[in-house]
Asker: 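Please read through the structure below; I'll follow up with questions.
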There are 2 protein chains.
Amino acid sequence: MKPQSGGRSALVAKLSHFAALSDADVRVLDELCAGEEPFPARVDIVVEGTAPRAGFVLTQGMACRYRLLPDGRRQILGFLIPGDFFDPYVFLLRTMDHSIATLMPTRLARVERERVIAVFAGRPRLAAACWWSALQDEAIQRERVVALGRRDARGRVAYLLCELVWRQTAIGASDDHAIRLPLTQVELADALGLTPVHINRVLQEFRKAGLIALERRRLRLHDMATLQLIAGSSKAYLHLDGAPEEVARYIDRLERHRDGSAPDAERP
Amino acid sequence: MKPQSGGRSALVAKLSHFAALSDADVRVLDELCAGEEPFPARVDIVVEGTAPRAGFVLTQGMACRYRLLPDGRRQILGFLIPGDFFDPYVFLLRTMDHSIATLMPTRLARVERERVIAVFAGRPRLAAACWWSALQDEAIQRERVVALGRRDARGRVAYLLCELVWRQTAIGASDDHAIRLPLTQVELADALGLTPVHINRVLQEFRKAGLIALERRRLRLHDMATLQLIAGSSKAYLHLDGAPEEVARYIDRLERHRDGSAPDAERP
DNA sequence: CGATCTGTTGATATCCTTCAATTTTGGTGG
DNA sequence: CCACCAAAATTGAAGGATATCAACAGATCG
């Protein structure tokens, strides 16, 4: 399971933004992460064109989804951080349409189909939390489309830095708007549809304006308000404000039925 | 339910790309669409900032997801066409982070939470097909990120036109690479992160090169091969090649269990 | 049948890319 | 610990793709 410094795993921290989890829920999630394995930096975990095998929980480190273009250029599609339970249902596809690679030494737990189905069928609250997490992922993708479609270079950089800080904060891995950021300027460029040269100039400008500090793989946002303004974005799209009350009640009701009929373990 | 000319609804046509549906499955899907309602062109179905109410099946017409920026510009996030069962689980969120608007007169069936849960819990094959459809939607989003991040204007336009034709073909709504296309050049621009002026110039170029015909809201791709080359894309990302055999067998097994225990209707 | 979108075209401006060096950093082995 | 090398960051100059501005023609619709 590999809990964080705080004791709670990143996955538990993240899903707790949706609903308070029971001890039993936490146990199930920790078991999901039990078989985690270490991967070195900059290796492919999943390769475009191959058949997907299983989903993963990322417990430590960082990874990215990416696509290579016919001319060899790369587009990074998104970043995966601790607490991300990604592609649970990917076994429904014949082939991957993109690759996934680590960006630093990273620990990942493989989650097989049977496990996914057991959790989703037997644990209403966790199933709802995973659905919510999938909705969040979609929202993150949409925000990226907005950034690439309609924001200039400064807006794109500001948005991405904010997002990474917001997401790390949501899993308790940020200290006062400062995070570990293992990305090179080439990777930022590939994520934002820009050139490394231009990324560099924007970062310089932000530094000179006292908006950020970024050195030796450590990022600190000194002026979140201004950065948000430049980005034209707020963290609302991460939907960290919990389930609607009515839904929370509904889920509790489902859980009580479950407890009544089969106490405290996953169904077969 | 409102079947298409062929007799099958667009939703059934789309999901059949994943797995062959039983008559009972088809009946359930048709019931989902039973309460469809007409909406005029260019009206909001869902508004950013409001609480989501329910998901929808789009049975006729066309709609788009979009975001408005602080400065009034717009980014279109994606297009919804007949057969799209979108946002089934959106009730898990407190507020919408984007809006959805019709682009032409459109028919939509609202799908409430209870209905979603009944179908997903009681119909393994349909549940799997809907999951697959969600994976397809994510892939479509990724393809858009690639287009906006790394393709020039010609590549973006070519990609979008191909995608719309591929998707319409998958629901049986295309005749020889020709489709109804209710989009203005402003809307194409808002979808592709370009200006209407530039969209116009690219379309002119494509017309002069004999690649496309586009007039009076009708699009025909005369040279799909070249367009794909310009787009640097193939339709692989739509995953229209059916479920992996092993998964198909697994789903059949689940269905047989279901039939044994509760014949032929949704569970309560 | 005017009013308003929509599409079209030309001229100019600009943001970002490209190309090319140079410096700095980080890692590795002697 | 230092020498060395490759990767990463940085800077400058020039070019190009797309935006912006402006004007007009054509289509659509109440």
Side-chain angles (χ1 to χ4, degrees), chain A residues 40-43 69 71-76 101 103-105 147-161 180-209 212-219 230 232, chain B residues 40-43 69 71-76 101-105 147-161 180-208 212-219 230 232:
Chain A
R42 289 155 198 268
V43 298
L69 279 69
D71 61 7
R73 290 183 306 167
R74 177 173 70 159
Q75 175 66 43
I76 289 180
L103 294 163
M104 57 187 293
L148 296 184
R150 286 294 182 217
R151 295 208 255 261
D152 62 14
R154 296 172 74 241
R156 293 187 205 181
V157 173
Y159 134 78
L160 183 56
L161 299 183
R180 180 107 207 280
L181 190 76
L183 304 176
T184 66
Q185 295 180 358
V186 171
E187 285 154 348
L188 288 172
D190 283 342
L192 294 175
L194 297 167
T195 56
V197 172
H198 203 65
I199 291 283
N200 185 286
R201 298 197 225 267
V202 172
L203 288 176
Q204 301 287 352
E205 186 196 323
F206 283 1
R207 279 196 266 244
K208 269 162 201 152
I212 68 169
L214 175 55
E215 43 185 3
R216 295 200 284 111
R217 312 278 106 116
R218 187 129 196 103
L219 167 72
I230 293 170
Chain B
R42 287 156 200 267
V43 298
L69 278 72
D71 61 6
R73 290 182 305 166
R74 179 174 67 158
Q75 175 66 44
I76 289 180
T102 59
L103 295 163
M104 59 187 293
L148 296 184
R150 286 294 182 217
R151 297 210 254 260
D152 64 11
R154 299 172 72 241
R156 294 187 203 180
V157 173
Y159 135 78
L160 182 56
L161 299 184
R180 180 105 207 280
L181 189 75
L183 305 176
T184 67
Q185 295 181 357
V186 172
E187 284 154 349
L188 288 172
D190 283 342
L192 294 176
L194 298 165
T195 55
V197 172
H198 203 66
I199 291 283
N200 184 286
R201 297 199 227 266
V202 172
L203 288 177
Q204 301 286 352
E205 186 197 323
F206 283 2
R207 280 195 266 246
K208 271 162 199 151
I212 68 168
L214 175 55
E215 45 186 359
R216 295 196 287 108
R217 310 281 105 117
R218 191 136 192 96
L219 167 72
I230 293 170

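Predicted model, so just to flag it, every value in this text is computed and none were measured. Chain A is the first sequence line, chain B the second, and so forth, proteins listed ahead of strands; every chain is numbered from 1.
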Asker: Of all the choices, C/dG7, D/dT18, C/dG26, which nucleotide is nearest to the side chain of A/R216 once you look at every atom?
Answerer: C/dG26
Asker: If I take atom CG in residue B/L214 and atom P in nucleotide C/dG7, what distance separates them, rounded to the nearest angstrom?
Answerer: 8 Å
Asker: For A/L203, report the nucleic acid contact type (base, sugar-phosphate, nothing); a contact means any heavy atom under 4.0 Å.
Answerer: nothing
Asker: Please tell me which of A/Q185 and B/R73 maps to the more 5' nucleotide of DNA chain D, matching each residue to the nucleotide holding its nearest heavy atom.
Answerer: A/Q185
Asker: Show the numbers, then the answer: is there a side-chain contact (heavy atoms from CB on, under 4.5 Å) between A/T184 and A/R217?
Answerer: CA-CA 8 Å; A/T184 66; A/R217 312 278 106 116; 4.1 Å; yes
Asker: Just the rounded figure in Å: distance from P of C/dC19 to CG of A/N200.
Answerer: 18 Å
Asker: Both A/R150 and A/K208 contact DNA chain D. Which one's nearest nucleotide lies toward the 5' end?
Answerer: A/K208
Asker: What contact category does A/R154 fall into here, base, sugar-phosphate, or nothing, at under 4.0 angstrom with non-hydrogen atoms?
Answerer: nothing
Asker: Can you tell me how far P of C/dG26 sits from CD of A/E215, to the nearest Å?
Answerer: 10 Å
Asker: Using a 4.0 Å heavy-atom cut-off across all strands, classify A/R156 as base, sugar-phosphate, or nothing.
Answerer: nothing
Asker: Rounded off to whole Å, could you give me the CG-to-P distance for the A/L219 and D/dA9 pair?
Answerer: 13 Å
Asker: So what does B/T195 touch, heavy atoms closer than 4.0 Å: a base, only the sugar-phosphate, or nothing?
Answerer: base
Asker: From CG of A/L188 over to P of D/dT10, roughly how many Å is that when rounded to an integer?
Answerer: 11 Å
Asker: Would you confirm whether A/R42, through its side chain, and A/A101, through its main-chain N or O, come within 3.5 Å as a donor-acceptor pair?
Answerer: no
Asker: Between C1' on C/dG7 and NE2 on B/H198, what's the gap in Å once rounded to a whole number?
Answerer: 16 Å
Asker: Check the phosphate of D/dA9 against A/R217, side-chain N and O only, distance under 4.0 Å to OP1 or OP2. Yes or no?
Answerer: yes
Asker: Stepwise, does the salt bridge (charged side-chain N to carboxylate O under 4.0 Å, His left out) test hold for B/R73 with B/D71?
Answerer: CA-CA 6 Å; B/R73 290 182 305 166; B/D71 61 6; 3.0 Å; yes
Asker: What is the distance from CG of B/L194 to C1' of D/dA17, rounded to the nearest Å?
Answerer: 10 Å
Asker: Any donor-acceptor pair under 3.5 Å between the side chain of B/R201 and the base of C/dG7?
Answerer: no
Asker: Under 4.0 Å: is that the gap between some side-chain N or O of B/R42 and OP1 or OP2 of D/dC29?
Answerer: no
Asker: To the nearest angstrom, how far is B/L181 atom CG from C/dT6 atom P?
Answerer: 14 Å
Asker: State, with a plain yes or no, whether a side-chain heavy atom of A/R150 is found less than 4.5 Å away from one of B/D190.
Answerer: yes
Asker: Base, sugar-phosphate, or nothing: which does A/R151 touch, judged by heavy atoms less than 4.0 Å apart?
Answerer: nothing
Asker: Is B/E215 salt-bridged to B/R207, cutoff N-O under 4.0 Å?
Answerer: no
